[in-house]
Amino acid sequence: VSVVRSLAITGFVGGLVSSGCFYVDPVVDRPVVTVQILSPMTTTLYRGDIVALTAQYLEEDRQGTYDWRVLACTDLAGAQCDVLAFGTSRERTWGFQVPTFTETDEPVQSISVRLESRDDRGVLALGGVDTFPVADRPPSLSLRKDAHTFTVDAPIKLFARYSDPDDGPDAVSLDWKVFTPSTQPAFELDDIPDDLPEEEPGDAPGEITVSRRFVAHGPGEWTVAVTARDTLGEQTELTVPIVVAEDRPPCLAQWQPIVPPEAATLPIAAPTVFQVSQVTDDLDAHPQVTGDPIFGRPEFAWSILRAGSPVREPLVGAIGNTVDFDPRAFTPGDLVELRVEIFDRKRIAIPCVDNAPTCSVISQPTCLQRLTWRLEVR
Amino acid sequence: MRVAALALVLAGCAQLSGSDSQSPGADAPPAPECRVALTVNPESPVAGPSTTVRVTAQVLDAAGVLGYDWRVHRDGTRIEIRPAQPDGSQIDFDAPLAGTYQIFLDITGSLVPCPTTGRPVVVALAGAVREVVRLRVVPPGGTAPVHEQLRDITGGVTADFGFVGIEAGRLVSATVRGPAGVIPAYLRFAPPGAPDAIVETFADAAGMVSTRLLAQPHDVLVIPSVPGVAPGRITGWSPGTGPGRIDLGAGATVTGTVRDPASAPLAGATVTLSVDGVPSTIAITASDGTFELRAATGTTMIVEVTPPVTSGLPRLSATSQSAPGALAIRYAANLVRRNLVGMAVQRQGAPVARARLMVVGTMTEAGTVTSGTSPPVPATGEVRIAAIADAAGALTSTLVPAAALSAVVTVGDGDLAVAALDTSDGVPATIDAPPMLPIAPLVQGPGGNNLPGALLELVPLGALAMAGVPVVHVTVGGNGKASTSLAAGGRYDLRFHDPRRRAAQLVVADRSTATVETAYRLRKGLVVTGTLLLGGTQPLGNALVQILCDECNGVARAKPVAEAVSDAAGGFVLVVPDPGTS
């Protein structure tokens with residue numbers, strides 16, 4: 001700060017008292033200028049940050065000229081800096097982006113701000129040199145799970161979307177870990193094979209999505225942890241809990257034609273396709289779940305009890321979801337029972353007695369594995 | 001210039017007046033909405049460098065200064081559009097590539113709200129073949145009635161059906177009454193515009209029936225569960241606003257006699273009629289050959305006579321255009337019967353103990369049916385007579401007609417053979433049942449890759465079908481082959497399909513074991529997508545979505561070409577055979 005002082009002096013000269021004013025040249029102190037960061041407002045600067053700087057004289061009304069140079073350095077003290085400045089300006093307030101690498105392709109660890117400022121009298125201000133440490137941002141990471149069912153032996157797709165705000169996604173490596181339930185069942189964690197659709201929307205610019213196929217071979221509470229680590233050692237870790245249940249029995253969901261209520265019969269006067277058009281199941285649904293070869297089909301077992309016959313005959317070879325029934329192969333008035341039973345890969349035996357028209361292996365009327373059409377041939 | 005198609009899209013039209021309609025605010029009067037119709041010209045554009053499609057919006061019941069916000073997409077990519085009218089009500093877009101172009105229009109500035117309107121426009125490849133299919137949707141858990149509509153599939157073009165509106169319908173209750181009061185019955189409701197979209201239900205002992213139907217008149221087939229009451233069909237039945245009634249008429253009483261080839265009364269024969277597709281009650285002839293039944297009235301009558309099992313006579317079938325009257329049914333006088341007793345069933349020269357035979361065949365003139373004073377009509381004969389061999393492989397006493405017949409021999413469970421059995425001039429001493437013949441065709445996808453997990457259905461034809469042999473299902477193994485054994489002498493349709501949607505269904509008609517190829521290559525399928533919206537707004541998940549043949553008849557009409565279940569957002573993806581290009 002430069003201060004001009006005017007003095008009023010009163011004194012004795014030769015016994016005479018005289019009074020008056022005289023002036024001295026203004027005393028010019030060396031001004032002091034400081035560098036202030038206007039933004040970001042955080043205490044830490046990161047590589048890639050947009051920074052706004054301003055110069056501030058101690059005396060606020062003082063004006064001057066400004067000559068900014070900002071250098072990228074490879075140490076925290078700002079001692080080992082590039083020769084060439086990455087940012088220069090002659091404005092009092094200006095901005096730049098903190099580079100991620102120096103000229104020697106080393107990560108930037110600090111920036112050295114060098115400001116030559118002269119006040120309106122041309123006096124070079126003190127100050128104006130400062131070093132700001134620059135930190136490395138950790139990678140960004142999001143984790144998502146997706147599955148038709150969270151069941152033992154069912155494939156679960158895991159999607160890790162990552163990037164690094166400083167260095168971009170290519171500088172990030174992922175580490176996957178699986179924490180098993182206490183019973184420590186086996187599991188698989190693989191890349192999703194090329195022929196399987198990954199079903200993940202496109203990455204945003206600067207992001208990469210990596211997918212894994214996780215198969216738990218036992219029930220319980222599983223955790224998959226993903227660590228994204230950049231080349232400077234910064235890391236971000238996320239976990240996704242996965243509760244895996246046992247494979248449940250298949251359930252008959254839709255069928256045609258209608259199954260008659262108890263004591264009623266379904267009249268059949270024309271060739272008819274009996275079909276189970278939908279089976280819900282974790283792994284063996286119908287229509288079949290696509291997207292992974294682990295999904296299969298339920299097995300259908302059809303049988304017929306002809307009029308007057310004491311024995312229900314299996315329809316050998318009829319293991320699909322449909323059976324054609326031609327009433328002309330019977331006599332009008334015949335009462336016939338057509339039965340279907342379904343099994344998934346666990347092939348749990350149907351425990352009900354033969355004359356029970358329906359059956360549920362889990363005793364739930366909403367999840368049947370057996371249906372019986374009681375038909376009257378017309 | 002072809003006449004442009006007018007697609008009137010009535011968004012929100014699914015709101016119903018039913019007591020429990022799925023539409024929100026069903027009890028409140030419907031809010032006024034404007035209607036938007038989109039006209040496309042040409043109606044069936046063909047892709048090309050100079051192809052331009054013009055779309056015109058027609059807005060009805062709107063007020064205000066309207067603005068038109070158009071969007072056109074193809075395969076998820078936005079297509080550039082050009083205004084063709086200063087007010088924006090008409091646009092053009094270029095269509096150099098084949099595909100389904102989805103058009104969306106939002107109307108702004110209307111004082112009456114206008115729903116977003118959309119419609120797909122299929123731009124075909126040059127020479128593309130169009131095929132009409134049935135899109136069938138079965139909503140889960142009875143949330144809505146079965147929905148069917150016709151759709152075009154165009155060769156070479158992925159089909160995007162866009163939004164498929166599913167009407168929630170309304171819960172309808174009614175009482176079924178016969179001539180003498182309420183009756184239990186089986187009922188089948190069919191909307192006239194989609195006769196395959198049937199809704200089946202049963203009326204209980206009090207005649208009460210409750211089911212969910214579309215809000216439109218239905219044809220109702222009623223088959224009483226009590227004897228003596230004639231089934232009937234009520235056309236255009238509408239439940240009205242309150243509990244409805246379904247009144248079944250008394251029908252007509254039909255009497256008649258059945259006589260065997262010697263003109264003797266045939267006792268124990270079962271007689272049924274089908275009048276305009278409505279079955280009658282079932283009658284069994286008395287010892288004097290007479291019968292009485294009740295039937296609906298109509299113009300086309302099919303008479304069926306099933307003789308007693310031991311009679312050795314064929315089942316008769318005759319179609320008459322006469323009104324049901326007194327029926328005189330006679331087997332042809334020249335119909336001779338043979339007894340198969342003692343005929344030896346062999347396999348490669350060795351007797352087959354306990355073999356079971358189903359003797360089958362057809363006879364063109366097996367009898368006549370005379371209705372009242374009308375001239376007699378010929379009746380065809382259908383033979384399905386079971387026979388069984390003893391422990392020595394010799395057939396027990398079984399009468400069959402003298403004719404060129406076939407026998408389906410069951411040696412063991414699933415072990416079949418088809419053999420000719422000509423009894424015209426007598427009973428042969430032996431019948432041979434050759435062993436099953438193995439087949440193992442390689443099943444490949446469009447690129448020549450094997451398709452493990454694909455399915456082969458072997459649909460019996462001819463004698464096997466008449467004998468009631470079920471469809472055989474074979475899963476393609478890890479080696480890409482569908483390995484199984486077929487009945488020697490049998491004929492089958494081969495239906496390949498891939499549940500994993502790697503290829504489209506392939507049907508190969510009428511093959512014997514000798515003519516099954518060593519490899520079949522399934523064609524690339526066309527992807528069909530769409531989104532189900534219940535009541536026009538609510539995504540309908542977990543619904544069964546099927547594509548079915550529209551030209552097919554019989555059981556083939558009920559067998560899906562492709563099927564899938566809609567996801568939680570109502571979306572579905574199917575793969576159907578590509579109709580190709582001509």
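Within every chain, numbering begins at 1; the chains are lettered A, B, ... in the order of the sequence lines, protein sequences first and strands thereafter.
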- Honestly, the part of B:P308 sitting under 4.5 Å from a heavy atom of chain A is neither
- Message: Please determine whether side chain to side chain contact (heavy atoms under 4.5 Å, CB included) holds for the pair B:K559 and A:Q275, giving the CA-CA distance in whole Å, both sets of side-chain angles, and the decisive distance to 0.1 Å.
- Response: CA-CA 9 Å; B:K559 292 189 173 176; A:Q275 58 182 306; over 6 Å; no
- Message: Which residues in residues 277-284 of chain B have any heavy atom closer than 4.5 Å to a heavy atom of chain A?
- Response: B:P279, B:S280, B:T281, B:I282
- Task: Report, by ascending residue number, the residues of residues 243-256 of chain A in heavy-atom contact with chain B at a distance under 4.5 Å; give 'none' if the set is empty.
- Result: A:Q254, A:Q256
- For B:E304, is it the side chain, the backbone, both, or neither that has a heavy atom closer than 4.5 Å to a heavy atom of chain A? neither
- At a heavy-atom separation under 4.5 Å, does A:R297 approach chain B through its side chain, its backbone, both, or neither? side chain
- Message: Quick check for you: to the nearest 0.5 Å, what is the distance between A:I319 atom CD1 and B:L455 atom CG?
- Response: 8.0 Å
- Message: Given heavy-atom pairs under 4.5 angstrom as the criterion, report whether the side chain, backbone, both or neither of B:A564 touches chain A.
- Response: backbone
- Query: Heavy-atom distance under 4.5 Å to chain A: side chain of B:P460, backbone, both or neither?
  - Reply: neither
- Message: Please classify the contact between B:I223 and chain A as side chain, backbone, both or neither, with a heavy-atom cut-off of under 4.5 Å.
- Response: side chain
- Message: For chain A, which candidate among B:T272, B:T306, B:L544, B:V573 shows the most heavy-atom pairs at distances under 4.5 Å?
- Response: B:L544
- Message: I want to check something: taking the side chain as every heavy atom from C-beta on, are B:R500 and A:P293 in contact at a cut-off of under 4.5 Å?
- Response: yes
- Contact list for residues 275-354 of chain A, test disulfide (SG to SG under 2.5 Å), sequence neighbours left out: A:C352-A:C359
- Task: Report the C-alpha distance between B:V471 and A:D324 in whole Å, list the side-chain angles of each, state the deciding distance to 0.1 Å, and finish with yes or no for side chain to side chain contact (heavy atoms under 4.5 Å, CB included).
- Result: CA-CA 7 Å; B:V471 175; A:D324 299 349; 3.9 Å; yes
- Please flag which part of B:R315 lies under 4.5 Å from any non-hydrogen atom of chain A: side chain, backbone, both or neither. side chain
- Greatest number of heavy atom pairs closer than 4.5 Å to chain A - which of B:V565, B:V472, B:V555: B:V555
- Query: For the candidates A:H286, A:R328, A:E313, which exhibits the highest count of non-hydrogen atom pairs separated by less than 4.5 Å from chain B?
  - Reply: A:R328
- Relative to chain A, which segment of B:P499 carries a heavy atom at a distance below 4.5 Å: side chain, backbone, both, or neither? both
- Counting a contact as any heavy-atom pair under 4.5 Å apart, which residues of residues 262-272 of chain A contact chain B? A:A264, A:T265, A:L266, A:P267, A:A269, A:P271, A:T272
- Item | Structural part of A:F325 lying under 4.5 Å from a heavy atom of chain B | neither
- Item | Stepwise side chain to side chain contact (heavy atoms under 4.5 Å, CB included) test for A:T322 and B:H473 | CA-CA 10 Å; A:T322 66; B:H473 296 76; 4.2 Å; yes
- Query: Does any heavy atom of chain A fall under 4.5 Å from the side chain of B:P227, the backbone, both, or neither of them?
  - Reply: neither
- Message: If you compare all heavy atoms of B:G414 against all heavy atoms of A:V316, which two are closest, and at what distance to 0.1 Å?
- Response: CA-CG1, 3.6 Å
- Message: side chain to side chain contact (heavy atoms under 4.5 Å, CB included) for A:Q278 and B:N542? Distances and angles first, verdict last.
- Response: CA-CA 10 Å; A:Q278 189 182 1; B:N542 204 28; 3.0 Å; yes
- Item | Spacing of A:Q288 atom CD and B:R501 atom CZ [to the nearest 0.5 Å] | 9.5 Å
- Task: Answer yes or no: does atom CD of A:E188 have more than 12 heavy-atom neighbours from other residues, nucleotides or ligands under 6.0 Å?
- Result: yes
- Give the minimum heavy-atom separation between B:P231 and A:R378, together with the two atoms involved. CG-NH2, 3.9 Å
- Note on the structure: Heavy-atom nearest pair, A:S277 first then B:Q546, reads CB-NE2, 4.1 Å
- Contact origin within B:P184 toward chain A - heavy atom pairs under 4.5 Å: neither
- Is any side-chain heavy atom of B:F202 less than 4.5 Å from a side-chain heavy atom of A:P260? yes
- Query: How long is the gap from CG on A:N321 to CD on B:E457, to the nearest 0.5 Å?
  - Reply: 7.0 Å
